[in-house]
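The block underneath contains the structure these notes are about, expressed in structure tokens.
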Amino acid sequence: ANRLFGDKKIQFIPEYLTLVRDVYCAPLEKLDFQKDLTDVCTHINEWVALQTEQRIKDILTPDSLDKHKVLRLFLVNAVYFKGEWYDHFRKQDTENENFQLDPKKSIQVPMMKKKGDLLYFEEENRLQLLEMRYGDSNLSMVVLLPAAFDGLEGPESTLTSQKLDRWLKDPGRRQVR
């Protein structure tokens with residue numbers, strides 16, 4: 001789901017709005033950004049929740065918006081994919097564990113666990129790639145993670161579409177947990 005949310009007091013270039021609407025299926029909805037930003041956040045969150053069957057509810061919070069900056073336009077994308085894993089996760093194997101946000105901060109989140117022979121690749125202790133298949137194996141989810149908790153700058157700076165294509169052609173298999 002795609003939508004532009006723009007300040008109702010701003011006149012946007014019509015050609016831009018037509019392009020975004022027709023090519024990206026993101027029509028403009030005008031909101032009052034000069035009023036309380038809580039109302040803007042509530043409205044956008046309700047739209048996202050509706051588009052994702054209540055799976056994503058709070059994409060924005062008033063605290064996530066800097067009240068000192070001038071807000072003019074939001075492009076909101078919400079993706080909700082409901083697929084069956086090729087090799088299912090067992091609900092009883094989901095446990096709360098730390099998710100590292102940065103080298104100094106982590107939060108507790110539910111983590112699905114699975115041990116098995118999966119498609120896996122690691123590049124020079126910089127980047128890990130894991131591919132997990134859905135349903136009839138025509139679709140998969142590819143997860144790219146930095147090997148260290150020091151951020152994405154290193155892996156992002158060397159990642160190219162050619163490298164990703166090469167890794168996905170023959171990632172190898174490995175026992176993963």
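All values derive from a computational prediction rather than experimental measurement. Just the heavy atoms: all of them, side chains too, but no hydrogens, waters or symmetry mates, feed the values below.
A single hydrophobic cluster is not seen to contain both Phe12 and Phe74; linkage of ILVMFWY side chains at heavy-atom distances under 4.5 Å, directly or through other members, places them apart. Tyr86 and Leu139 fall into different hydrophobic clusters, where Ile, Leu, Val, Met, Phe, Trp and Tyr residues are linked whenever their side-chain heavy atoms come under 4.5 Å apart, directly or through other members. Linking ILVMFWY side-chain heavy atoms closer than 4.5 Å, directly or via other members, places Leu17 and Leu75 in a single hydrophobic cluster. Under a hydrophobic clustering in which Ile, Leu, Val, Met, Phe, Trp and Tyr are joined whenever their side-chain heavy atoms come within less than 4.5 Å, directly or via other members, Val142 and Trp167 fall into the same cluster. Cluster membership check: Trp47 does not share its hydrophobic cluster with Leu28, using side-chain heavy-atom separations under 4.5 Å among Ile, Leu, Val, Met, Phe, Trp and Tyr.
At least one side-chain heavy atom of Leu164 sits under 4.5 Å from a side-chain heavy atom of Leu129. Considering only heavy atoms from C-beta on, Asp7 comes within 4.5 Å of Gln34 through its side chain. Looking at heavy atoms from C-beta onward, Phe89 lies out of side-chain contact with Thr94 at the 4.5 angstrom threshold. Leu130 is listed as a side-chain neighbour of Leu118, based on a closest heavy-atom distance under 4.5 Å.
Ring geometry, Tyr134 versus Trp85: the interplanar angle falls under 30°, so the pair is classed parallel (tilted spans 30 to 60°).
Here Asn45 contributes atom CG and Ile59 contributes atom CD1; the two are 7.5 Å apart, rounded to the nearest 0.5 Å. A distance of 14.5 Å separates CG in Asp93 from CE in Met111, rounded to the nearest 0.5 Å. With values rounded to the nearest 0.5 angstrom, Tyr16 atom OH is found 5.5 Å from Leu73 atom CG. A distance of 3.5 Å separates OH of Tyr120 from CD of Gln128, quoted to the nearest 0.5 Å. Interatomic distance, NE2 of His88 versus CZ of Arg90, reported as 13.0 Å (0.5 Å rounding). One distance of note links CG of Leu31 with NZ of Lys9; it measures 12.0 Å at 0.5 Å rounding.
No donor-acceptor pair under 3.5 Å is formed between the side chain of Asn98 and the backbone N or O of Ser106.
At most 12 non-hydrogen atoms from other residues, nucleotides or ligands lie less than 6.0 angstrom from NZ of Lys8. More than 12 heavy atoms of other residues, nucleotides or ligands shown are found within 6.0 angstrom of CD on Gln54. Remark: Glu84 CD is loosely packed, at most 12 non-hydrogen atoms of other residues, nucleotides or ligands lying under 6.0 Å away. Counting non-hydrogen atoms of other residues, nucleotides and ligands closer than 6.0 Å to CD1 of Ile13 gives a total of 12 or fewer.
Salt-bridge formation is detected for the pair Glu97/Lys113: a Lys NZ or Arg NE/NH1/NH2 atom is positioned less than 4.0 Å from an Asp or Glu carboxylate oxygen.
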| field | Stepwise side chain to side chain contact (heavy atoms under 4.5 Å, CB included) check, Leu159 with Leu144 | value | CA-CA 10 Å; Leu159 183 63; Leu144 298 172; 4.1 Å; yes
| query | Step by step, would you call Lys114 with Met132 a side chain to side chain contact (heavy atoms under 4.5 Å, CB included)? | reply | CA-CA 11 Å; Lys114 180 157 208 53; Met132 296 181 291; over 6 Å; no
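Minimum heavy-atom separation, Asp32 to Val40: O-CG2, 3.7 Å. Taking each heavy atom of Thr52 and Ala78 in turn, the nearest pair found is CG2-CB, 3.8 Å.
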